[in-house]
Amino acid sequence: MEFPMRHLSRAVVRNLCPAAVAGLLVFGPYPAGAADDEAPKGPAVTVLKVAKSCFSDIVEATGTIIAREETSVRPERPGLKITDLLAEAGDTTTAGQVLARLALPEGGTLQVTAPVAGVIATSTAQIGNFASAKGEALFTIVARSEYDLVGLVATTDVRKLAVNQQATVRIAGAGDISGKVRRIGPTVEPNIQQGMVYIGISSQKRLLLNASGRALIKTGQSCNVAVPLTAVQYSSAGTVVQVIRRNRVETKRVEIGLMSGGNIEVRDGLNDGDVVVARAGALLREGDPVRPVMASAEAVK
């Protein structure tokens with residue numbers, strides 16, 4: 001049964017236990033306030049937990065494909081007519097393989113053979129034509145099927161390069177080919193401020209000489225926590241990421257590093273397991289209440 005306070009006599013009020021009165025004052029409003037603080041508020045935002053990842057430090061070089069060593073093939077005697085062709089440009093050869101036959105004036109044939117194994121880069125030989133020991137080469141062979149991508153690298157990246165670093169060479173029409181740094185140029189082109197690097201590659205299929213190519217050279221690796229590029233904001237205050245703590249937004253200044261596959265390395269400012277806003281934006285400000293919705297890293301790429 002309830003007794004409104006206006007019906008209680010002053011004597012009854014004076015006789016109430018002080019502790020009971022204090023309980024009415026302290027415990028009455030507090031649970032509602034605590035529940036309000038814990039209840040989800042604000043807009044729903046997509047978040048994810050950051051985790052450690054390793055990033056490769058990649059230096060890019062662009063240039064052209066050349067033969068590391070070319071061998072010209074000619075007959076030893078002049079004025080011989082070509083009667084048979086057994087190879088053509090693009091063919092892979094072995095050392096000693098017969099490439100053509102030439103008719104001798106006194107009868108019989110002379111065989112023209114490959115002095116080295118490799119890929120035939122060019123051929124001028126045609127049946128019925130005459131070949132000469134001093135004229136145009138019948139065949140040009142890329143010795144041992146070894147090529148170089150001669151590329152240009154930004155001066156700031158030259159210092160990262162070292163002989164035998166692994167590289168992936170991308171050539172139009174030939175796909176990706178593995179290679180490694182073979183030589184680093186000793187000077188910088190003054191007009192463009194770029195250095196030269198030679199990326200050695202081997203391919204059993206014919207590569208077009210002077211074709212354009214691009215090399216991605218792995219110069220190192222760094223492992224730290226990673227976030228999507230969409231989680232990073234750039235402002236006059238620096239580079240920041242929005243972190244969610246107790247359902248509220250906190251803006252954390254971070255030091256970023258390498259990038260790969262839509263993610264970026266965070267070298268300082270975040271810890272493994274921190275919850276960040278996957279797509280940070282100007283609509284969220286420091287201290288804003290939000291309702292975090294967890295998502296995978298793949299969902300925000």
Under 3.5 Å, side chain of Thr124 to main-chain N/O of Ala137, donor-acceptor pair present? yes
Hey, could you give me the CG/CD distance between Asp57 and Gln221, rounded to the nearest 0.5 Å? 10.0 Å
Under the side-chain contact (heavy atoms from CB on, under 4.5 Å) criterion, do Glu255 and Thr239 qualify, and how do the steps go? CA-CA 7 Å; Glu255 178 187 341; Thr239 307; over 6 Å; no
If we ignore hydrogens and angles and just use 3.5 Å, is the side chain of Arg248 paired with the main-chain N or O of Gly287 as donor and acceptor? yes
Less than 4.5 Å apart, any side-chain heavy atom of Arg245 and any of Val243? yes
Just wondering, do Val293 and Val47 contact through their side chains at under 4.5 Å, heavy atoms? no
Would you check if Leu104 and Arg77 make a side-chain contact, meaning some heavy-atom pair closer than 4.5 Å? yes
I'd like to know if the side chain of Arg291 reaches the main chain of Gly42, judged simply by a donor and an acceptor atom lying under 3.5 Å from each other, with no hydrogens or angles considered. yes
Would you check if Leu161 and Ile217 make a side-chain contact, meaning some heavy-atom pair closer than 4.5 Å? yes
Given the rule in the side-chain contact (heavy atoms from CB on, under 4.5 Å) test, do Val181 and Val197 qualify, once you have shown the distances and angles that lead to the verdict? CA-CA 7 Å; Val181 175; Val197 61; 3.9 Å; yes
Can Val59 be reached from Ile184 by stepping across I, L, V, M, F, W or Y side chains whose heavy atoms are under 4.5 Å apart? yes
Of all heavy-atom pairs between Ile199 and Ala215, which one has the smallest distance, and what is that distance? CG1-CB, 4.0 Å
Does Ser56 use its side chain to pair, donor to acceptor, with the backbone of Ile58 at less than 3.5 Å? no
If two hydrophobic side chains count as joined below 4.5 Å and joins carry through other members, does Ile256 share a cluster with Met259? yes
If you round to the nearest 0.5 Å, how far is OG of Ser202 from CD of Glu146? 5.0 Å
How far does CZ of Arg285 sit from CD of Gln242, to the nearest 0.5 angstrom? 10.0 Å
Any donor and acceptor pair, going by atom type alone, linking the side chain of Thr155 with main-chain N or O of Gln193 inside 3.5 Å? yes
Please determine, by modelled atom types, if Glu70 and Thr140 share a side-chain donor-acceptor pair under 3.5 angstrom. no
All heavy atoms of Val276 vs all of Val241, minimum pair found to be CG1-CG1, 3.7 Å
Grouping I, L, V, M, F, W and Y whenever their side-chain heavy atoms are under 4.5 Å apart, do Val98 and Ile141 come out in a common cluster? no
Are Val254 and Val240 side-chain neighbours, meaning at least one heavy-atom pair lies under 4.5 Å? no
Nearest 0.5 angstrom please: Ile177 CD1 to Thr168 OG1, how far? 10.5 Å
Treat each ILVMFWY residue as a node, draw an edge where side-chain heavy atoms are under 4.5 Å apart, and state whether Val119 and Leu138 are in one component. no
Would you call Asp157 and Lys160 a salt bridge, taking side-chain N to carboxylate O under 4.0 Å as the test? yes
Set out, in order, the CA-CA distance, both residues' side-chain angles and the distance that settles side-chain contact (heavy atoms from CB on, under 4.5 Å) for Val163 and Arg183, then state yes or no. CA-CA 6 Å; Val163 173; Arg183 184 158 65 91; 6.0 Å; no
Could you check whether any side-chain heavy atom of Leu284 comes within less than 4.5 Å of a side-chain heavy atom of Val290, counting everything from C-beta outward? yes
Would you find a donor on one side and an acceptor on the other, under 3.5 Å apart, between the side chain of Thr83 and the backbone of Arg101? yes
Looking at every non-hydrogen atom in both residues, tell me the closest pair between Ala280 and Ala231 and how far apart they are. CB-O, 3.6 Å
Show the nearest heavy-atom pair for residues Phe130 and Gly79, with the distance to one decimal. CD2-O, 3.5 Å
Side chains of Ser178 and Gln166 only: does a donor on one sit below 3.5 Å from an acceptor on the other? no
Below 4.5 Å, heavy atoms only, C-beta onward: do Ile264 and Leu258 meet side chain to side chain? no
Report yes or no: do Leu99 and Leu110 belong to one cluster of Ile/Leu/Val/Met/Phe/Trp/Tyr joined by side chain heavy-atom distances under 4.5 Å? yes
Rounding to 0.5 Å, atoms NZ (Lys180) and NZ (Lys218) come to a distance of 14.0 Å
Starting from the C-alpha separation in whole Å, work towards a yes-or-no answer on side-chain contact (heavy atoms from CB on, under 4.5 Å) for Ile171 and Ile65. CA-CA 9 Å; Ile171 306 168; Ile65 303 298; 3.7 Å; yes
What I want to find out is whether Arg267 reaches Glu265 closely enough, with some N-O distance under 4.0 Å, to be called a salt bridge. yes
For Val266, which of Val225, Val232, Val50 qualifies under side-chain contact (heavy atoms from CB on, under 4.5 Å)? Val225
Quick one: do Glu286 and Arg253 make a salt bridge, cutoff under 4.0 Å? no
Is it true that Asp148 and Arg182 make a salt bridge, defined as a side-chain N closer than 4.0 Å to a carboxylate O? yes
How about Leu216 and Arg214: do any of their side-chain heavy atoms sit closer than 4.5 Å? yes
Shortest non-hydrogen contact from Ala95 toward Pro115: CB-O, 4.2 Å
Using side-chain contact (heavy atoms from CB on, under 4.5 Å) as the criterion, point out the one residue from Ile120, Thr71, Thr122, Thr93 that pairs with Phe139. Ile120
If you round to the nearest 0.5 Å, how far is CG of Asp268 from CG of Asn271? 9.0 Å
For Ala51 and Asp272, which heavy atoms make the closest approach, and how far apart are they? CA-OD1, 3.3 Å
Return yes when atom CD1 of Ile192 has more than 12 non-hydrogen atoms of other residues, nucleotides or ligands closer than 6.0 Å, and no otherwise. yes
Is a side-chain donor or acceptor of Asn263 paired with a backbone partner of Ser260 at a separation under 3.5 angstrom? no
